[in-house]
Structure formats: C-alpha cells, structure tokens
Novice: 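One structure is given below, represented as structure tokens, and several questions about it will come after.
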Amino acid sequence: LFPLTGRTHQLRRHCAEVLGAPIVGDSKYGGGDAGSGLYLSAVELRLAHPDRPPGAPPLHVAVEAPAKFGRLLAHEQQRWERLAEPDGDGVVAEC
C-alpha cells in the first residue's frame, strides 16, 4: 500500500473490503480471530523534505519491524509445519 493521507482507518477498510485481506489483528474488519492490536507499522519512509534543496535525494528513514511481527511469523511457521506433518495414517493434512 502507498497511502497518501496516512489515515489508518482508510488502510484498514481498503485492505478488508477492496483487497479481501484485512490487516492481521484488526478486530473491526478482520473478524473474530483477529487477535490483539493491529499488525500495521511503517518500517520505511521516503519523502521529499521541505528543508532540502530542490533535486536533493528524498529523506529516507528505516526501522526494524516491531518484535511482535517476528513472534507472529515464528508462530505461523510452526503452525504451518504442524499442518504439513503426516497424520497417524501417513496422510499429509491439507490446508
């Protein structure tokens, strides 16, 4: 997504209603299993800073993703691996 206004609600609604993929953790648009708190974060921004001269490269700011993102990815990886394990009868579970 490349938001122009920075309004979180617009992103939430667009992801859920237009893309059919709500933001993880969105209890309003994501359904009952949304968890707690939005998994939405600006980890990189590039913008033309008004104090820079014309033609100067854009200001670039980057940060690490919040720790809860890494924990969620690790949890989902473990969940995916459990789903792929053969059942007692040797049949791989289908997702």
Side-chain angles (χ1 to χ4, degrees):
L1 294 175
F2 296 94
L4 300 178
T5 65
R7 298 192 180 221
T8 304
H9 177 78
Q10 292 173 346
L11 298 176
R12 293 168 63 190
R13 188 169 180 181
H14 180 80
C15 287
E17 295 177 2
V18 176
L19 301 177
I23 296 169
V24 174
D26 190 342
S27 58
K28 182 170 183 170
Y29 294 105
D33 63 346
S36 60
L38 288 175
Y39 279 71
L40 177 64
S41 178
V43 295
E44 184 174 358
L45 298 171
R46 290 179 194 270
L47 58 114
H49 194 282
D51 287 341
R52 291 190 172 190
L59 176 65
H60 177 229
V61 179
V63 297
E64 294 291 324
K68 72 178 189 176
F69 286 33
R71 289 191 299 270
L72 175 69
L73 289 174
H75 172 77
E76 289 301 310
Q77 179 66 35
Q78 291 172 353
R79 186 170 158 248
W80 182 256
E81 289 168 0
R82 280 195 312 272
L83 288 171
E85 290 175 359
D87 291 341
D89 60 3
V91 176
V92 175
E94 292 188 27
C95 301

Novice: For L73, what residues pass the side-chain contact (heavy atoms from CB on, under 4.5 Å) criterion, not counting sequence neighbours?
Specialist: none
Novice: Specify the closest pair of heavy atoms between D26 and R12, including all atoms of both residues, with the distance to one decimal.
Specialist: OD1-NH2, 2.7 Å
Novice: Roughly how far, to the nearest 0.5 Å, is CD of E76 from CD of E81?
Specialist: 11.5 Å
Novice: Please find the pair of heavy atoms, one from Y29 and one from P22, that lie closest to each other, and give the distance.
Specialist: O-CB, 3.6 Å
Novice: Hey, can you pull the donor-acceptor pairs under 3.5 Å for the side chains in residues 50-65, sequence neighbours left out?
Specialist:
unit_1, atom_1, unit_2, atom_2, d
R52, NH1, P57, O, 2.9
R52, NH1, P58, O, 3.4
H60, NE2, E44, OE2, 2.7

Novice: Kindly write out the residues that satisfy side-chain hydrogen bond (donor to acceptor under 3.5 Å, both in side chains) with R71, not counting sequence neighbours, or none if the list is empty.
Specialist: none
Novice: For Y39 and I23, which heavy atoms make the closest approach, and how far apart are they?
Specialist: O-CG2, 3.6 Å
Novice: Output all residues satisfying salt bridge (Lys or Arg N to Asp or Glu O under 4.0 Å) with E17, sequence neighbours left out; order by chain, then residue number.
Specialist: R13
